[in-house]
Structure formats: structure tokens, C-alpha cells
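Here the structure comes first, spelled out in C-alpha cells, and everything after it is commentary.
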Amino acid sequence: MSVFKRCSVVLLALATLQGAVQAAPFTDVLDLPAMPTTLAASSALRDVAMAGQRLVAVGPRGHIVYSDDHGAHWQQAQVPVSADLNAVSFVNAELGWAVGHDGVVLHSRDGGVHWHKQLDGRTLAERLPEVGSDNVLLDVWFSDAGNGYAVGLFNLLLHTTDGGEHWQPWLEHSDNPQGLHLTSLAAVGDELYITGEQGLLLKRDGERFIRVATPYTGTLFGAVGKPGWLLVYGLRGHAYRSTDGGQQWQPVNTGIHTSLTAAGIDRDGQLWLASQAGDLLLSRDEGARFSPLAQSARGPVTALASDAGHGLVLVGERGVRTQAGIPTLHP
């Protein structure tokens, strides 16, 4: 075949393909169920949580996977959307919620096996015009089967008292006049905190979230703690600790300069931190000091969960990995 003829065939094939693509009907990710794939657990995931003894993880393209054998094997859940999912939270072994892009809020009543949509960006725009069009939810937390919150970009703060059947905007309930992004929700004892960019830390006070001053001006990705102490963490390995409700803060030497993206407390009260670069740190003194840990594998971490008695489960851009037991501390 001549070069000219070969080029003509290629151009014709490309034109045919382009025509087929143009003719294909557009389906909104809010109307397109997540595609089943055996690679869901090894693809990018954003968050992981415990639903009783079950592990449930969420990620892009509507992927939700669950494991009943401590992360050894995973099954894909039935999800009605293909929107990217950023966070998941359960109040017990059955009831859970997941949130993500396009204003999506999903709810499960069977431990994460099946999900149905409670809210999306189109509904938000109709019911809550004050929220705007940038409806990216980054975290969700429920105190019980009825009361919950969801947070996201541009001070997006939603509240429900009926298990997510109805959501109310709480933008005016937060001390965030600049409309800074809200990155996470964290319950510490009876207190509830919201972290955000530019060192933003909000603490629930009745029906308001009031600002707590922090010494950091970069983005905070999360908070973790127990009654008596609180740790916030964020960009470039920065972490700060308070033992008086945020009135005073002490910088914590994490020993790393990569962004801290995940934290968790295991059943023994030990505090774990993980980074975007895959660093794994352990504190046995409530976050005052951290030690780096040797790992059987390494990869970026966006979230972690302590699977009681079976080590850690970590998720990130490379899917799920487990860290059995407590790794050996570096000298």
C-alpha cells in the first residue's frame, strides 16, 4: 500500500471514529452507574472507613469497594453514579454516607453493598441557589442515624437532621467570611472540628462553627485527637498540637516535608500519620513525638483506617494496601 493510500485510510478511519464519538449521546455522570471492573480496588481511591467489621473504600468514577476479610479480597458495590467520590463515613455496621464531586451524597443501608443517591449538584442548584455551582464535597460525618454534616469547596457546608433526606446550607453558620475551602470534619470527644485552607480551623459551638486561631497559614488537611489533646496537620509535613482546646499550639516535628494527608487512632490509642509521598509515622504519646516506620510496601496515601487487631488499611492513587501489625521502628 502506498504512503498516500495508507494516509488516506488512516484519515478516513479517524473521521469515522470522530463521527461516531460526536453521534454518541452524552450521559451525565449523575445518571450513569459506576462501571463494574475487577480493577476497582487497585485503582485510585480517596477514603476508607469501617462499617462494623467491614472495610469500605471510595474513589473516582463512582467506585466503591468493600472487604469482609480485612482487606485480603474486595468486592465492588452497586453505585448509581459515576461521579468522583472523596469521602465515606459510617455510624454503624449498616448506615453509611459517601460524598464527592457534582454535589453527590450517597447513602447505604446495608453496610456499603448497595447505594442510592440522596443529593446531587442539580438538586442543590434548584433547592439551594445560594450554594452556587461549584459543588465539590470533600468530607462527610454523622453523629447518629439522623444528624450529619458535609463540607467542601468555597465554604460549602451542609447539615441534615433526617439522615440526609433533606440538607440545609449552613454557609452563614461558619466563621469563614472569605469563603475558604473546607477540607475535613473531625469529631474529638463531644467536639466537632472543620479544617480548611490558610490554617482555617472551625469548632462547633451550638449552631455555629467558630474560628479557632492556629499558627499555620497553609492548608490543613485534617484534625485528630481525643479529649485532652488535638492535632492538626497539613502541607509540607506541618503539624501542630494543642492540649487546651486550641488556645495554645506547639509545633510537632514530624521529620518529613511532604504533605500529611491522613491520620487515625488505633484501638491501642496509638496515633498514625501518613503522607502524600507514602511516609507512615507513629506516635505513642498522643502526638507529641513521631517515629518513621518501615513498610512492606510504599505508595501515596489519601486515607487510612485501623482494622482492629489486623493492622492498617491504606488507600491512595494505587488503590488499597494493608500494613499488618505494627512495623518495626527505624533507629
Side-chain angles (χ1 to χ4, degrees), residues 34 37 39-77 79 83-101 104-108 110-113 115 137-142 150 183-187 221-224 233 259-267 270-276 278-282 295-325:
T37 171
L39 300 177
S42 57
S43 301
L45 292 168
R46 299 283 183 261
D47 196 17
V48 60
M50 299 297 300
Q53 299 301 310
R54 172 178 289 166
L55 289 158
V56 181
V58 304
R61 300 180 296 281
H63 287 171
I64 299 182
V65 293
Y66 60 93
S67 172
D68 291 318
D69 57 7
H70 313 292
H73 302 89
W74 295 83
Q75 299 181 66
Q76 188 173 356
V79 180
D84 291 351
L85 301 175
N86 296 318
V88 61
S89 178
F90 281 80
V91 294
N92 54 39
E94 290 81 30
L95 300 178
W97 290 262
V99 300
H101 289 233
V104 165
V105 179
L106 304 176
H107 179 43
S108 175
D110 59 5
V113 178
W115 296 80
L137 293 167
L138 297 178
D139 204 4
V140 61
W141 176 83
F142 274 72
T183 56
S184 79
L185 290 150
F221 291 125
V224 64
Y233 55 91
S259 296
L260 295 165
T261 49
I265 300 174
D266 64 22
R267 66 173 184 175
Q270 300 175 127
L271 173 60
W272 301 80
L273 285 178
S275 82
Q276 190 176 38
D279 302 286
L280 194 56
L281 311 175
L282 173 64
Q295 303 178 64
S296 57
R298 187 183 177 93
V301 178
T302 55
L304 63 84
S306 174
D307 187 3
H310 298 273
L312 295 180
V313 176
L314 307 103
V315 301
E317 292 302 312
R318 302 173 190 172
V320 179
R321 64 186 173 94
T322 58
Q323 184 72 59

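- Across every non-hydrogen atom of Trp141 and Ser89, the tightest pair is CA-OG, 4.1 Å.
- Closest non-hydrogen pair, Ala51 versus Gly111, comes out as CB-O, 4.3 Å.
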**Request:** Run the numbers on His63 and Val79 for side-chain contact (heavy atoms from CB on, under 4.5 Å), then give the verdict.
**Result:** CA-CA 7 Å; His63 287 171; Val79 180; over 6 Å; no

**Asked** Would Arg46 and Asp84 count as a side-chain contact (heavy atoms from CB on, under 4.5 Å) if you check the C-alpha gap in whole Å, the side-chain angles of each, and the deciding distance to 0.1 Å?
**Response** CA-CA 9 Å; Arg46 299 283 183 261; Asp84 291 351; 5.7 Å; no

**Request:** Go through the steps to decide whether Ser259 and Phe221 satisfy the test side-chain contact (heavy atoms from CB on, under 4.5 Å), and finish with yes or no.
**Result:** CA-CA 9 Å; Ser259 296; Phe221 291 125; 4.0 Å; yes

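- Closest approach of Trp115 and Gly96 over heavy atoms only: CZ3-O, 3.7 Å.
- Looking at Val301 and Ser275, their side chains never come closer than 4.5 Å, going by heavy atoms from C-beta outward.
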**Asked** Under the side-chain contact (heavy atoms from CB on, under 4.5 Å) criterion, do Val320 and Leu55 qualify, and how do the steps go?
**Response** CA-CA 11 Å; Val320 179; Leu55 289 158; over 6 Å; no

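- In terms of heavy-atom proximity, Arg318 sits nearest to Gly299 at NH1-CA, 3.8 Å.
- Considering OG1 of Thr183 and CG of Asn86, their distance stands at 11.5 Å, rounded to 0.5 Å.
- Partner of Ile64 under the side-chain contact (heavy atoms from CB on, under 4.5 Å) criterion, chosen from Leu106, Val88, Val113: Leu106.
- The heavy-atom pair separating Val65 from Ala40 by the smallest distance is CG1-CB, 3.6 Å.
- The backbone N or O of His73 sits less than 3.5 Å from a side-chain atom of Ser67, completing a donor-acceptor pair.
- Taking the six-membered ring where the residue is Trp, Phe142 and Trp97 present parallel rings, their angle staying beneath 30° rather than reaching 60°.
- Here Leu312 contributes atom CG and Gln270 contributes atom CD; the two are 9.5 Å apart, rounded to the nearest 0.5 Å.
- Residue Gln276 places its CD atom among 12 or fewer non-hydrogen atoms of other residues, nucleotides or ligands, all under 6.0 Å distant.
- Between atom CZ of residue Arg61 and atom NE2 of residue His101 there is a gap of 12.0 Å, rounded to the nearest 0.5 Å.
- Note that CD of Gln76 is 9.5 Å distant from CG of Leu39, once rounded to the nearest 0.5 Å.
- Annotation: the span from Asp266 atom CG to Leu282 atom CG amounts to 7.5 Å, rounded to 0.5 Å.
- To the nearest 0.5 angstrom, Thr302 atom OG1 is 7.5 Å from Leu45 atom CG.
- The shortest heavy-atom contact between Val224 and Ala263 is CG1-CB, 4.0 Å.
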